[in-house]
Amino acid sequence: MNELVEKLAADHTLNDDEYFDLIEHRTPEAAELLAEHAVAARQPIYGTTVFTRGLIEISNICKNDCIYCGIRRSNRNVKRYRLEPDTIVACAREGHELGFRTIVLQGGEDAYYTDDVLGSVVSRIKDCCPDTAVTLSMGERSRESYQRLYDAGADRYLLRHETADPDHYAMLHPAEMSWEHRMQCLRDLRSIGYQVGAGFMVGSPFQTTEHLVKEMRFVEYFKPDMCGIGPFIPHHDTPFAHEPAGTLELTLYLLSIIRLIHPHVLLPATTALGTIDPRGREKGMLAGANVVMPNLSPVGVRKQYELYDNKICTGEESAQCRGCLGLRMTLIGYDLAVDRGDVRL
Ligand code: 5AD
Ligand code: FES
């Protein structure tokens, strides 16, 4: 096991059988060694600087019906909301005052946000905060739409691929969604010029070690600028309500492997990781992560953007969240940057 860790640290790649063994037969000692190498690989590039992104959850209205997601359209128990453009811009300004230099607009696939509406929000944020990167996380759109939003000033786009295996994708999504289309969107985003974030859930229903080997391969060849991975957490109003959550241990292990595959990748310690363990985000940093994404949404709507149960930070004001995370990072010897936090290639 230790030889595989050393090999990955030296070569940044393994063959399929080796990835399989590394994941399937992992031990606490291998995890510790991987984390050590991951932190060492991150050190010359990002050090102990933690990049922050202020996340504004602009709408929980979604036309999709992803089986794992709490805001899927079939869930009649969600109180739906969408933020007005003025509210979004005000949140972004507040985020800028708090020290965020990346604003992420995330939402369900809500038809209200046409290219005109969303593009105008993006350009208003760029006008008022020109030193700030705008990231969109608004799901699958056409190439023309992605192009228009890019032209309006968007810098980055997050679209998790959710799983690198098309058959597994079909077990997590309704028939009208396809893995091929997801991949097409990712390729379109990249060719337009966006910095692109992909990602997947750890421990999602039906996930096998073979699937995880494919995830590692995907990270190798697609080379996302950012890779968002967090544990699957069941939501009580979805068909997966009684499925087990992904584990802290496996998530940390995969974070370390991904850091070693691509030492330059932006790797968030996700809110889901902070939800399954009270020190999950700190542990994420110590396993090789370098990004956190605290919530900037108005407190009044936070509980309604419930993708999974028991999501953290739904009662805190934006300033409290940033302060809390800053303190948490200081306590482990890391510090939050006031910086756009672009990928360093
Ligand atoms: N558990 C963990 N993550 C989830 N997401 C959606 N539902 C869940 C869940 N139940 C993730 C998906 C999506 C991102 C916005 O949130 O990966 O891409
Ligand atoms: Fe939001 Fe701690 S990070 S309250």
Side-chain angles (χ1 to χ4, degrees), residues 50 52-60 62 64-72 75 78 98 100 104-109 135-140 157-164 168-169 172-173 177 182 185-186 197-205 207 215 224 226-248 251 268-282 284 292-297 299 302 305-331 336:
V50 177
T52 60
R53 283 79 168 91
L55 181 70
I56 310 177
E57 297 152 337
I58 70 173
S59 171
N60 70 355
C62 191
N64 285 335
D65 215 20
C66 307
I67 302 169
Y68 46 83
C69 183
I71 63 168
R72 64 202 298 265
N75 186 0
V78 181
L98 290 172
F100 291 104
V104 183
L105 307 183
Q106 184 175 89
E109 293 190 15
T135 302
L136 297 175
S137 179
M138 299 295 297
E140 297 181 17
Y157 206 99
L158 305 181
L159 182 70
R160 288 190 179 178
H161 58 288
E162 312 296 358
T163 166
H168 185 216
Y169 190 91
L172 302 177
H173 298 92
M177 291 179 74
R182 199 78 164 184
C185 288
L186 286 168
F200 61 94
M201 291 179 286
V202 177
S204 56
Q207 186 177 67
E215 296 306 338
M226 172 146 141
C227 189
I229 76 164
F232 161 75
I233 303 174
H235 184 286
H236 60 278
D237 278 325
T238 63
F240 290 156
H242 303 293
E243 296 290 331
T247 65
L248 173 78
T251 307
T270 58
T271 304
L273 191 58
T275 297
I276 57 164
D277 184 286
R279 295 189 66 244
R281 289 168 298 177
E282 290 90 326
V292 287
M293 303 175 66
N295 203 316
L296 270 184
S297 306
V299 174
R302 285 195 192 187
Y305 199 81
E306 199 193 37
L307 309 183
Y308 47 80
D309 288 343
N310 306 315
K311 190 172 156 217
I312 54 170
C313 302
T314 56
E316 279 77 14
E317 292 290 346
S318 305
Q320 284 178 299
C321 253
R322 176 143 183 134
C324 167
L325 260 178
L327 183 60
R328 284 166 177 267
M329 292 301 132
T330 308
L331 289 173
L336 294 188

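Counting starts at 1 for both ligands and their atoms, following the listed order.
Panel note: side chain Asn295, backbone Cys313; no donor-acceptor pair is recorded below 3.5 Å. Distance alone, capped at 3.5 Å, places no donor-acceptor pair between the Glu162 side chain and the Gly199 backbone. Counting only distance, with no hydrogens or angles, the side chain of Asn64 and the backbone of Cys66 share no donor-acceptor pair below 3.5 Å. Without hydrogens or angle criteria, Arg302 side chain to Thr314 main chain gives no donor-acceptor distance under 3.5 Å. Judged by distance alone, the side chain of Tyr157 and the main-chain N or O of Leu186 form no donor-acceptor pair under 3.5 Å. Not one N or O on the side chain of Ser204 forms a donor-acceptor pair closer than 3.5 Å with the backbone of Gln207.
For ligand 1, none of its N or O atoms has an N or O atom of Tyr308 under 3.5 Å away. Inclusion of Glu162 in the set of residues having an N or O under 3.5 Å from an N or O of ligand 1 is warranted. Polar contact with ligand 1: present for Tyr68 (N/O pair, distance under 3.5 Å).
When non-hydrogen atoms are compared, ligand 1 lies under 4.0 Å from neither the backbone nor the side chain of His235.
With a 4.5 Å cut-off on side-chain heavy atoms, Gln106 and Tyr305 count as touching.
Ligand 2 is never approached by Gln320 to a heavy-atom distance shorter than 4.0 Å. In this structure, Arg281 counts as a contact residue of ligand 2, since one of its heavy atoms falls inside 4.0 Å of the ligand. At least one heavy atom of Pro231 sits closer than 4.0 Å to an atom of ligand 1.
Counting only heavy atoms of the protein, atom 11 (C) of ligand 1 lies nearest to Arg160 NH1, 3.6 Å. Nearest protein neighbour of atom 3 (N) of ligand 1, counting heavy atoms only, is Met201 SD, 3.5 Å. For atom 16 (O) of ligand 1, the closest heavy atom belonging to the protein is Leu307 CD1, 3.4 Å. Closest to atom 2 (Fe) of ligand 2, if we only count protein heavy atoms, is Cys324 SG, 2.2 Å. Atom 10 (N) of ligand 1 has Ile233 O, 2.7 Å as its closest protein atom, hydrogens excluded (heavy atom only).
Using a cut-off of 4.0 Å between Lys/Arg side-chain N and Asp/Glu carboxylate O, Glu282 and Arg328 are scored as salt-bridged.
Taking 2.8 Å as the criterion, Cys313 counts as a coordinating residue of atom 1 (Fe) of ligand 2, since one of its N, O or S atoms falls below it. Under 2.8 Å from atom 2 (Fe) of ligand 2 lies no N/O/S atom of Cys321, from backbone or side chain alike.
Both tests hold for Arg322 against Phe100: distance to the six-membered ring centre under 6.0 Å, angle to the ring axis within 45°.
The atoms of ligand 2 that sit less than 4.0 Å from any heavy atom of Leu325 are 3 (S).
When each of His235, His168, His173 is checked for a ring pair (Phe, Tyr, Trp, His ring centres under 6.0 Å) with Tyr68, only His173 meets the rule.
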